[in-house]
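First listed ligand is number 1; within each ligand, the first listed atom is number 1. One is the number of the first residue; the rest follow in order along the sequence.
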Amino acid sequence: MKIAVVPGSFDPVTYGHIDIIKRASKIFDLIYVVVLDNSSKKCLFTVEERMDMIRKSTEHLDNVKVDSFGGLLVDYVNNVEATVIVRGLRAVTDFEYEMQIASVNRVLAEEIETFFVMTQNKYSFLSSSIVKEVAKYGRDTSELVPPHVSFLLKEKYAK
Ligand code: PNS
């Protein structure tokens, strides 16, 4: 059985992430989508909120499990007996950042492979930061994230 991990901060999950998870779920037998800490980001949503949003967004995918982890990605990958890390690539600008993560992970655990999936063109501009920026100023995010995420964003910024 081929197990893969789709890691990220998912603050919040977007249609771009969901596209990557869906495509990865067709390639691998089991996918763990794991919410991790990115030390350079301050998150708007709690880990539980982020996991719930991912769960709701992927409930139609039978082989997808949602989890969180407080340590290194490679340790999580080994804990769940996965062998592959899946990351989405939107544009050339992602490449340097992704190469750095993949290279660190290779130094930490040589046996784990990083697998890149290109996002659909229509999501190539999309990021969680863009979504938060749009929501913060009260604009509609329904083309960027699922309805339940749009709702929670409105709630967060109404406070
Ligand atoms: O969605 P993001 O913020 O680009 O995801 C980055 C993430 C969370 C995958 C990365 O920061 C990560 O793996 N964090 C866990 C700690 C770790 O393993 N660090 C070493 C590799 S950068």
F95, CZ: over 12 other non-hydrogen atoms inside 6.0 angstrom
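Check fails, neighbour count at 12 or below.
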Taking atom OH of Y157 as the centre, does the number of heavy atoms from other residues, nucleotides or ligands within less than 6.0 Å exceed 12?
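Buried by this count: over 12 neighbours within 6.0 Å.
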State the [atom1]-[atom2] distance between [X] and [Y], to the nearest 0.5 angstrom.
{"X": "Y15", "Y": "K122", "atom1": "OH", "atom2": "NZ", "answer": "9.5 Å"}
{"X": "I18", "Y": "R23", "atom1": "CD1", "atom2": "CZ", "answer": "13.0 Å"}
{"X": "D37", "Y": "L72", "atom1": "CG", "atom2": "CG", "answer": "11.0 Å"}
{"X": "S25", "Y": "I20", "atom1": "OG", "atom2": "CD1", "answer": "11.5 Å"}

Electrostatic pair K22-D19, nearest N-O below 4.0 angstrom
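No, this pair does not count.
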Measure the distance from [atom] to every protein heavy atom, then report the residue, atom name and distance (to 0.1 Å) of the closest one.
{"atom": "atom 6 (C) of ligand 1", "value": "Y97 OH, 3.5 Å"}
{"atom": "atom 5 (O) of ligand 1", "value": "R87 NH1, 3.3 Å"}
{"atom": "atom 18 (O) of ligand 1", "value": "L73 N, 2.8 Å"}

Is the closest side-chain heavy-atom distance between L126 and V131 below 4.5 Å?
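Yes, close enough: below the 4.5 Å cut-off.
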For K41, atoms of ligand 1 separated by under 4.0 Å from a heavy atom:
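Per the distance check, 1 (O), 2 (P), 3 (O), 4 (O).
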Is [X] close enough to touch ligand 1? Criterion: a residue heavy atom under 4.0 Å from a ligand atom.
{"X": "Q100", "result": "no"}
{"X": "G71", "result": "yes"}
{"X": "Y76", "result": "no"}

Regarding ligand 1, does S9 bring an N or O atom to under 3.5 Å of one of the ligand's N or O atoms?
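Yes, S9 has an N/O under 3.5 Å of an N/O on ligand 1.
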Is the closest N or O pair between P7 and ligand 1 shorter than 3.5 Å?
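Checking ligand 1 against P7, no N or O pair falls under 3.5 Å apart.
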Region of H17 engaging ligand 1 - heavy atom pairs below 4.0 Å:
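It is neither part, as no heavy atom is under 4.0 Å.
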Heavy-atom pairs closer than 4.0 Å: do any link ligand 1 to the side chain of N105, the backbone, both, or neither?
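Only the side chain of N105 comes within reach of ligand 1.
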Counting only heavy atoms, tell me which of D94, L72, V74 gets closest to atom 17 (C) of ligand 1.
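Residue with the shortest heavy-atom distance to the ligand atom: L72.
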Taking the minimum heavy-atom distance to atom 14 (N) of ligand 1, which of D37, V34, L36 ranks first?
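Considering heavy atoms of D37, V34, L36, the nearest to atom 14 (N) of ligand 1 sits in D37.
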Taking atom types as modelled and ignoring hydrogens, do the side chains of T141 and S150 form a donor-acceptor contact shorter than 3.5 angstrom?
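Their side chains do contain a donor-acceptor pair, which is all the 3.5 Å distance test asks for.
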